[in-house]
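Remarks on the structure that follows.
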Amino acid sequence: MRVDTKICPLDLDLTLGCGQTFRWRKAPNGLWEGPLGNQFIRLGQKGSVVHIEASPGGRVVEELVRTHLRADDDVRKIQKALAKDPVMAAGVSELKGLRIVKIDEWECLMSFILATYANVPRIAKMIETLSNRYGERIVAGVHSFPSQERLRRASLAGLSKCGFGYRAKFIHEACRILGVDVLSEFKRMSSKDLREALKQLPGVGDKVADCVLLFGFGRLDAFPIDVWIERALGRLYHRRGSYNRLRGFAREQFGPYAGYAQEYLYYNERLRAPKGTCVFSEE
DNA sequence: GCCCAGGAGTGTG
DNA sequence: CACACTCATGGG
C-alpha cells in the first residue's frame with residue numbers, strides 16, 4: 001500500500017523523529033516501526049511515496065496512516081501563511097515535510113500526562129511500559145496502547161511500580177474521573193472550552209492541555225510551550241514572561257496555524273540548534 | 001555526583 | 001496576576 005505525497009511534501013524522518021510522537025522507532029533497515037491502533041505498522045519512504053506494511057493486515061490501514069500523518073494537510077499553504085513572519089520565512093525551507101501528527105485522543109492525553117518534566121527517551125520508555133503492562137499484545141514484543149477500559153482497571157499500586165514517579169497518581173485519578181463517553185463529548189467542544197475541560201483533569205495544566213489539543217484533537221491553533229519553545233521565543237523573538245503572556249504573543253503572531261509554527265520552532269531549538277546549524281536566525 | 005527534562009499543584013504576595 | 005516551592009525519577 002502506498003500514500004502518494006507528491007502533491008504536498010511529507011517527510012517521515014522529520015515527522016516521526018522530532019519528538020511529537022513517542023512510539024515510532026527507526027529500525028536499522030531504515031523503516032519506521034510502531035503500533036498504530038491494534039496493528040503493528042512499518043513505514044518506508046522513497047521519494048514522494050510512503051510504503052505501508054501492517055500486521056495483522058487490514059483494509060483500513062492506509063486511511064489510518066493518512067490520518068496519523070495528517071497527509072491531507074496543505075503544508076505549502078500553511079507555510080506560506082506562516083512565512084509572513086520573517087523568522088518563519090527563513091526557517092521553514094528545510095522543514096517542508098514536517099507534519100503535525102494526529103494521535104488518538106485517549107492515547108495522547110495519557111501520554112502527555114506522563115510526559116510532564118521528563119525527556120523524550122524517558123517518555124517513550126514510560127509509554128512502552130504502560131502498554132506492555134496494560135495494553136493488548138499485537139505481535140511479539142509489541143503491545144497496543146491500553147484502552148480506557150483496561151487502564152481504568154489498573155490499580156494505583158500497579159501503576160506506581162512502573163517508574164512513573166508522581167505521574168502514576170495523575171494517571172490513576174484521571175482514569176477515575178473520565179467517563180466512557182467524555183472524549184466523544186470533548187470532540188464537539190470549541191477549543192477554548194475543551195482546553196478548560198482538559199485542565200480540570202489531574203496532571204493537566206496549560207502545556208499538557210495544549211499538547212492534547214494539538215496532537216490529540218487536531219486543533220492546529222494550539223501552541224504548547226515547553227522549555228524548548230520558551231527558549232526559542234526568547235532567543236528568536238526576545239519574548240519572555242508567563243505562559244499566558246507567551247501564548248498570547250504566539251496566537252497573535254502565528255494565528256490559526258500556531259501549532260505548526262510551534263513544531264518548526266521545537267524542531268529547530270531541540271534537535272537542530274545544538275549542532276550549530278540554526279535554520280532559524282535572529283532578526 | 002551533577003544538571004536537566006515537551007510541568008503540575010499548591011501556597012503566598 | 002506573578003513567583004516559590006515541592007513532587008519522583010531516569011537520561012546525559
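In what follows, chains are A, B, ... by sequence order, proteins preceding strands, each numbered from 1. This one's a predicted model, so the numbers in the text were calculated from it and none came from an experiment.
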- Message: Taking the minimum atom-to-atom distance to the side chain of A:Asn119, which one of C:dG11, B:dG7, B:dG9 wins?
- Response: C:dG11
- Over how many whole Å does the gap from A:Tyr166 atom OH to C:dT9 atom P extend? 11 Å
- Task: Tell me what A:Ile229 touches on the nucleic acid: a base, only sugar-phosphate, or nothing, going by heavy atoms under 4.0 Å.
- Result: base
- Message: What's the closest nucleotide to the side chain of A:Val227 if the choices are B:dA5, B:dA8, C:dA8?
- Response: B:dA5
- Message: Regarding A:Tyr266, tell me which of base, sugar-phosphate or nothing describes its non-hydrogen contacts under 4.0 Å with the strands shown.
- Response: base
- Query: Base, sugar-phosphate, or nothing: which does A:Ala118 touch, judged by heavy atoms less than 4.0 Å apart?
  - Reply: base
- Message: Distance check, P atoms only: B:dG7 and C:dG12, in whole angstrom units.
- Response: 16 Å
- Task: Quick one: sort the A:Trp24 and A:His68 rings into parallel, tilted or perpendicular, breaks at 30° and 60°.
- Result: tilted
- Message: Distance check needed: B:dG9 C1' versus A:Tyr243 OH, whole Å only.
- Response: 16 Å
- Item | Lys/Arg-Asp/Glu bridge criterion (N-O < 4.0 Å) met for A:Asp13, A:Lys26 | yes
- Query: Any side-chain N or O of A:Arg167 under 4.0 Å from OP1/OP2 of B:dA5?
  - Reply: no
- NE2 of A:His172 versus P of B:dA8: gap in Å, rounded? 21 Å
- Could you tell me the separation between the CG atom of A:Asp226 and the CG atom of A:Asp206, rounded to the nearest 0.5 Å? 13.0 Å
- Message: For a quick check of understanding: with a heavy-atom distance under 4.0 Å over all strands, which category does A:Arg245 fall into, base, sugar-phosphate or nothing?
- Response: nothing
- Task: Check the distance between C:dG10's P and A:Met126's CE and give it to me in whole angstrom.
- Result: 10 Å
- Item | A:Gln45 (side chain) donor-acceptor with A:Gly47 (main chain) under 3.5 angstrom | yes
- Item | Stepwise side-chain contact (heavy atoms from CB on, under 4.5 Å) test for A:Leu236 and A:Arg231 | CA-CA 8 Å; A:Leu236 300 170; A:Arg231 267 172 222 161; over 6 Å; no
- Task: Just call it for A:Leu214: base, sugar-phosphate, or nothing, with non-hydrogen atoms closer than 4.0 Å on any strand.
- Result: nothing
- Message: What is the separation between atom CG on A:Leu114 and atom C1' on C:dA8, rounded to the nearest whole Å?
- Response: 13 Å
- Task: Under 4.0 Å from any atom of DNA chain C, heavy atoms only: list the residues of residues 9-22 of chain A that qualify, in numerical order.
- Result: none
- Query: Across the strands shown, which category fits A:Glu263 at heavy-atom distances under 4.0 angstrom: base, sugar-phosphate, nothing?
  - Reply: base
- Note on the structure: Between A:Pro121 and A:Thr116, the residue closer to the 5' end of DNA chain C by nearest nucleotide is A:Thr116
- Between A:Glu107 and A:Phe145, is there a donor-acceptor pair closer than 3.5 Å when you use the side chain of the first and the backbone of the second? no
- Nucleotide nearest A:Val208 (side chain, heavy atoms from C-beta), chosen from B:dC4, C:dA8, B:dG7: B:dG7
- Query: In whole angstrom, what separates A:Leu246's CG from C:dC1's P?
  - Reply: 14 Å
- Would you kindly give the CZ-to-P distance between A:Phe164 and B:dA8, to the nearest whole Å? 18 Å
- Is there a donor-acceptor contact under 3.5 Å linking the side chains of A:Asp73 and A:Tyr260? yes
- Base, sugar-phosphate alone, or nothing: which one does A:Asp206 contact when heavy atoms must sit under 4.0 Å apart? sugar-phosphate
- Task: Provide, to the nearest angstrom, the distance between the NZ atom belonging to A:Lys169 and the P atom belonging to B:dG7.
- Result: 18 Å
- So, does the side chain of A:Arg122 form a donor-acceptor pair with the base of C:dT9 at under 3.5 Å? yes
- Message: I want to verify a distance call: between C:dG11, B:dA5, C:dA8, whose nearest atom is closest to the A:Lys125 side chain?
- Response: C:dG11
- Do the ring planes of A:Phe215 and A:Phe112 sit parallel (below 30°), tilted (30 to 60°) or perpendicular (above 60°)? parallel
- More 5' along DNA chain B: A:Phe170 or A:Lys207, using each one's nearest nucleotide? A:Lys207
- Message: Applying a 4.0 Å non-hydrogen cut-off, can you work out what A:Phe215 is touching in the nucleic acid: base, sugar-phosphate, or nothing?
- Response: base
- Task: Mark yes or no for whether A:Ser190, through its side chain, and A:Asp193, through its backbone, hold a donor-acceptor pair below 3.5 Å.
- Result: yes
- Query: Would A:Tyr117 pass as stacked on B:dA5, i.e. its ring centre under 5.5 Å from the base's six-membered ring centre and planes under 30° apart?
  - Reply: no
